[in-house]
Amino acid sequence: MMINMNETRLCTIEQIEQFLSGCLQVEFTKSGDDSERYEHISRVLKRFDYPGQGKREKGVLLKYLQVTSGYSRAQVTRLVTQWHTNRLATVPLSKRYRAPAAPFARKYTAIDIALLAEMDKANEDVCGPAIAHLLQRAYGVYGDARYERLVGLSVSHLYNLRKSTGYQALRVVFAKTNPVCNHIGVRKVPRPNGRVGFVRIDTVHQGDLDGIKGVYHITCVDSVSQWQVEACVQGISEAFLLPVLELVIEQFPFVIRGFHSDNGSEYINGPVAAILEKLRIEQTKSRSRHSNDNALAESKNASVVRKHMGFEHIPQKYAQPINAFYQETFNPWLNFHRPCMFATEIISPKGKIIKRYKDEDVKTPLECLVLLSVKDLVTLKEGITLDALQAQAKSKTDLAAAQEMQRAKSELFASFQKQKRRA
């Protein structure tokens, strides 16, 4: 590291503190010969009479040396201790760590590692205990003197030898990178830009019981208005999913422009892509290592599906009555009477978008849809008007709609228990 600044003008602790407060955005990197950094540390410690300083002043000097030398706090502390010990003998700072003159003797040589690699290759890398047993048999049963040292090889140290450089050089394996074979959907996060019609979809499984699958809930929610449609199917195979998926799209009052899901095969497949292509809907999928790409749908899984349907196993034969309950009672209550939190985006001084959830931003999906229609951000389907949707919402109060939903849900689960007792 080359110290080109004239730091000798810093003669007081106050000046050092001012320097540190003014160079927080300056990055000092360590490069070059260590001897220059050692000389710099020695000059600073001598100029400020480090042993005679107080605790606070010593801390400031250590921080200054850490910043200007590029060393860590632990390294600077060790060098200062070395300087303090040898200052009366005027011994300069120097590197004290080096390879030992007489290193520890290796118990297992390169020949032993080669024998281990040969045994692993012949047995296609079975588990460590099996290889250790084979090494013992090679010497004890078959009398091969080459394996004498490897008889005492522990299983844990066997794995250490497998990680060694000598072993890795003998067991180089070249494998082609597997390309992504499924090109359905664009791997990106949708950008609605305030427009309604870009939905997120996800699947929730209602648990297993003795290896038997339960029903699957489908959560589909618009990313801007939070208009939500729930559905239920027996399974996520093509025979069950495709008819319900078309039904889900039909239940939205506005035109669907984007369809976003995770990378599950229930949505990333040819038949689903054909349906979306027929409707001219863009299909996108979540990116790798971006867990928030489908966060809205996954949050609805917890706050809506799990809250009302629970975690207990529900047999697949009940998928049809649950789907009828969703379509007739649950979905109208969700979109006409259940308030949602909407975020207000604030740009921080650093340019980061921060979301704030304010009390005044609470509204139902229908209320949000009405506000967005004023800005011409909603394209309703043919034959559907906002006046008709509002009239349908006002036909029941929020309390009456919630009580009706609870009664229908109780009757649904009561029928499940009744059929279970009969069985």
Side-chain angles (χ1 to χ4, degrees), residues 189-202 218-231 248-261 279-282 284 292-305 307-308 326-348 352-405:
V189 59
R191 299 294 182 186
N193 296 323
R195 297 174 297 165
V196 171
F198 292 83
V199 298
R200 313 291 182 93
I201 193 166
D202 197 22
I218 298 176
T219 301
C220 192
V221 56
D222 180 67
S223 57
V224 176
S225 65
Q226 295 194 42
W227 192 282
Q228 184 175 350
V229 174
E230 289 292 333
V248 167
I249 295 176
E250 290 177 2
Q251 291 186 58
F252 283 94
F254 42 79
V255 176
I256 303 300
R257 304 178 186 274
F259 182 94
H260 183 85
S261 67
L279 300 173
R280 306 304 299 166
I281 298 175
E282 181 188 27
T284 58
N292 287 337
D293 280 0
N294 209 27
L296 179 60
E298 293 173 357
S299 67
K300 295 294 184 181
N301 291 339
S303 62
V304 175
V305 178
K307 184 174 183 179
H308 292 277
Y326 280 156
Q327 187 174 359
E328 297 169 5
T329 306
F330 195 66
N331 290 337
W333 171 74
L334 282 178
N335 298 308
F336 295 152
H337 304 285
R338 180 181 179 273
C340 300
M341 298 292 293
F342 290 83
T344 298
E345 293 185 350
I346 301 174
I347 301 178
S348 67
K352 182 180 180 181
I353 297 178
I354 302 174
K355 293 185 178 181
R356 292 285 184 265
Y357 294 88
K358 303 179 180 179
D359 295 343
E360 56 268 23
D361 291 335
V362 178
K363 46 185 172 287
T364 64
L366 178 59
E367 290 176 329
C368 181
L369 205 65
V370 172
L371 294 176
L372 292 172
S373 64
V374 177
K375 302 177 183 179
D376 198 23
L377 297 173
V378 181
T379 304
L380 295 174
K381 293 180 179 177
E382 187 176 355
I384 298 178
T385 62
L386 286 176
D387 293 336
L389 294 175
Q390 289 178 308
Q392 183 180 353
K394 292 180 180 178
S395 62
K396 302 174 185 176
T397 64
D398 295 337
L399 178 61
Q403 291 174 341
E404 180 183 355
M405 184 273 298

Heavy-atom closest pair, residues Leu369 and Pro253 | CD2-CG, 4.3 Å

Ile346 atom CD1: more than 12 heavy-atom contacts under 6.0 Å = yes

Heavy atoms of Ile249 and Lys381 approach each other most closely as O-NZ, 2.7 Å

Of all heavy-atom pairs linking Gly194 and Leu372, the shortest is O-CD2, 4.1 Å

Gln403 CD to Asp398 CG distance, which is reported to the nearest 0.5 Å | 11.0 Å

Main-chain N/O of Tyr326 paired with Asn331 side-chain donor or acceptor, under 3.5 Å | yes

Determine yes or no for a side-chain-to-main-chain donor-acceptor pair under 3.5 angstrom, with Arg200 supplying the side chain and Thr219 the backbone.
-> no

So, does Ser223 use its side chain to make a donor-acceptor pair with the main chain of Phe198 at under 3.5 Å?
-> yes

Okay, side chain of Asn335, backbone of Trp227: is any donor-acceptor separation there less than 3.5 Å?
-> no

Side chain of Asp222, backbone of Gly197: donor and acceptor closer than 3.5 Å?
-> yes

Shortest non-hydrogen pair, His260 vs Asn294, comes out as CD2-OD1, 3.6 Å

Note: Val224 and Arg195 closest approach over all heavy atoms is CG2-O, 3.3 Å

So how far is it from Ile281 CD1 to Phe259 CZ, rounded to the nearest 0.5 Å?
-> 8.0 Å

Determine whether Phe336 and Leu366 make a side-chain contact, defined as any pair of heavy atoms from C-beta on separated by less than 4.5 Å.
-> yes

From Thr344 atom OG1 to Arg356 atom CZ, the distance as rounded to the nearest 0.5 Å = 10.5 Å

Side chain Gln390, main chain Glu367, donor-acceptor under 3.5 Å = no

What is the distance from atom CZ of Phe252 to atom OG of Ser225, rounded to the nearest 0.5 Å?
-> 8.0 Å

Output for pair (Thr329 OG1, Met405 CE), nearest 0.5 Å, gives 9.5 Å

In this structure, are over 12 heavy atoms from other groups packed under 6.0 Å from Lys396 atom NZ?
-> no

Where do Thr379 and Arg257 land on the side-chain hydrogen bond (donor to acceptor under 3.5 Å, both in side chains) test, with the steps shown first?
-> CA-CA 10 Å; Thr379 304; Arg257 304 178 186 274; 2.6 Å; yes

Kindly compute the distance separating NZ (Lys307) from NZ (Lys300), expressed to the nearest 0.5 Å.
-> 11.0 Å

Start with the C-alpha gap between Glu345 and Ile354, add the side-chain angles, then the distance that decides, and say whether side chain to side chain contact (heavy atoms under 4.5 Å, CB included) holds.
-> CA-CA 6 Å; Glu345 293 185 350; Ile354 302 174; over 6 Å; no

Using a distance-only test with no angle check, is there a side-chain donor-acceptor pair under 3.5 angstrom linking Gln226 and Gln228?
-> no

For the residue pair Glu230 and Val248, establish whether any side-chain heavy-atom pair is separated by less than 4.5 Å.
-> no

Can Val199 and Ile256 be said to form a side chain to side chain contact (heavy atoms under 4.5 Å, CB included), step by step?
-> CA-CA 7 Å; Val199 298; Ile256 303 300; 3.7 Å; yes

What's the shortest heavy-atom distance between Val221 and Ala297, and which atoms?
-> CG1-CA, 3.9 Å

